[in-house]
Amino acid sequence: MVGPETHPVKFEYILALGSNVGDRNFYLDQAISGLARLGTVRATTRRYETWPILIRAQGKFLNQGVWLETTTEPEALLGQILALEKEIGRIPRIKNGPREIDIDIVWFSGGTFRSAQLHIPHPFNRAREWVRQIMCELKPDAIDPEVGLRYARIRGRTIMNIQDFAKKKSLGEKIAVVTCYDYAFARLLARTSIDAILVGDSLGNVMQGHANTLPVTVEEMVYHARIVRRGAPQAFLIVDLPFLSYQTSVRDAVANAGRIIKETGADAVKLEGLFLPQIRALIKSGIPVMGHLGFTPQSLLAFGGYRVQGKTPSSAENILRAAAALEKAGVFAIVLEMVPTELAGRVTASLSIPTIGIGAGDLTDGQVLVLNDLLGLDPDFSPRFVRRYANLSASVISAVEQYAADVRERKFPNEQERF
Ligand code: KIV
């Protein structure tokens, strides 16, 4: 008797090829013809030049994506790929060093796969924008299993989670953070590769016109964070806990941070200083916390003004100790504001979580700037540590003057601009 016909299961794989030694095009061609012996090559992408993630000095890779269909299971395919790399002429060198050919399995139709030898998706996927590009060329509708969104939707964006902060530090990748307070700018930031958005209580200064951040309320933070989230639905969003929303008690801290997370869709909160019981309670409740040391604006009155912190040996020691305590309490990153560069470097070197500097020099793991400052929106505010990447105040003033003049001179609206 003949039983029911069984068909072997076909797996689809997306492979990322790379070469940065010798004739890179030759090695990629060899890899593609070798892969064609292991299954059906359904499609290949164009070739991309990219920098290596870890050791930049080794020179750029030439990369290409391949869509392979085969009945081979993931681990067996890995074995075949390693043999193919050897056959093509890959010479064993240091880990993550230069290579004639490298073939990584970055995606497969089964979603995720974990064994001692193999992780699919590949652990470096998140850090490699070009992997998202090849996924978009080959399978734009496939879901990134780590993010839960279609590749077509996440290309060009850095989708962070709290583990990625420490991962980026360990890979030596700098982290770029910017503040934002409204929907219009959030929509623009959503089109950039910024790593995280901070709804800072600096909104007290830049949006509300107060002299400092002290008057800002939880209600106002919720309002601004909600509209930022609406404009940047996928961004890693951190929201400041405002003055006296957490200093007063552990209970207040959990209630206010919980409210912010629930009502705004934020990914984390930030709080200033060394409020360890509060931080521990928040983390225990499942709320990721970013720390903030050095000049902490909510303590402006106690500091007696906007002053660089950590200039004396004892205050530097205090900051170093506070950073260690924050790391131990479980914060995922620490903002270091207005501290000497050398101290920021020491703090950064002493931690495995990243430091994000503002007015703290170039030795931190990342930087944060107030969006309005980097865009040059306030002609009267330009502290030493801000770099203006645009002069929007001048553009706004001149655009509005031009509009007013056109109205007065009856030049606006013209024939095309009316019904
Ligand atoms: O409120 C804010 O914008 C901040 C940044 C300056 C770090 O805390």
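Computed from heavy atoms alone, side chains included, the values below leave out hydrogens, waters and symmetry copies. Indexing begins at 1, ligand by ligand and atom by atom, following the structure's order. These numbers come from a predicted model, not from an experiment.
- By the 3.5 Å distance cut-off applied to N or O atoms, T179 is not counted among the residues near ligand 1.
- Taking a 6.0 Å sphere around OH of Y306, one finds it holds more than 12 heavy atoms contributed by other residues, nucleotides or ligands.
- Residue contacts with ligand 1: E337 is placed with no nitrogen or oxygen under 3.5 Å of a nitrogen or oxygen of the ligand (distance criterion only).
- The residues D102 and R90 are annotated as salt-bridged, a charged nitrogen and a carboxylate oxygen being separated by less than 4.0 angstrom.
- Atom 8 (O) of ligand 1 has its closest protein heavy atom at K270 NZ, 2.8 Å.
- The CZ atom of R387 sits 11.0 Å away from the CG atom of L374 when rounded to the nearest 0.5 Å.
- Between E317 and R346, at least one side-chain N (NZ, or NE/NH1/NH2) sits under 4.0 Å from a carboxylate O, which counts as a salt bridge.
- For atom 4 (C) of ligand 1, the nearest non-hydrogen atom of the protein is L198 CD2, 3.7 Å.
- At a 3.5 angstrom cut-off on N or O pairs, D240 counts as close to ligand 1.
- Ligand 1 lies less than 4.0 angstrom from a heavy atom belonging to H292.
- Close approach of ligand 1 to G200 is summarised as follows: ligand atoms under 4.0 Å from at least one heavy atom of the residue are 1 (O), 2 (C), 3 (O).
- Of all protein heavy atoms, the one lying nearest to atom 6 (C) of ligand 1 is I358 CD1, 3.7 Å.
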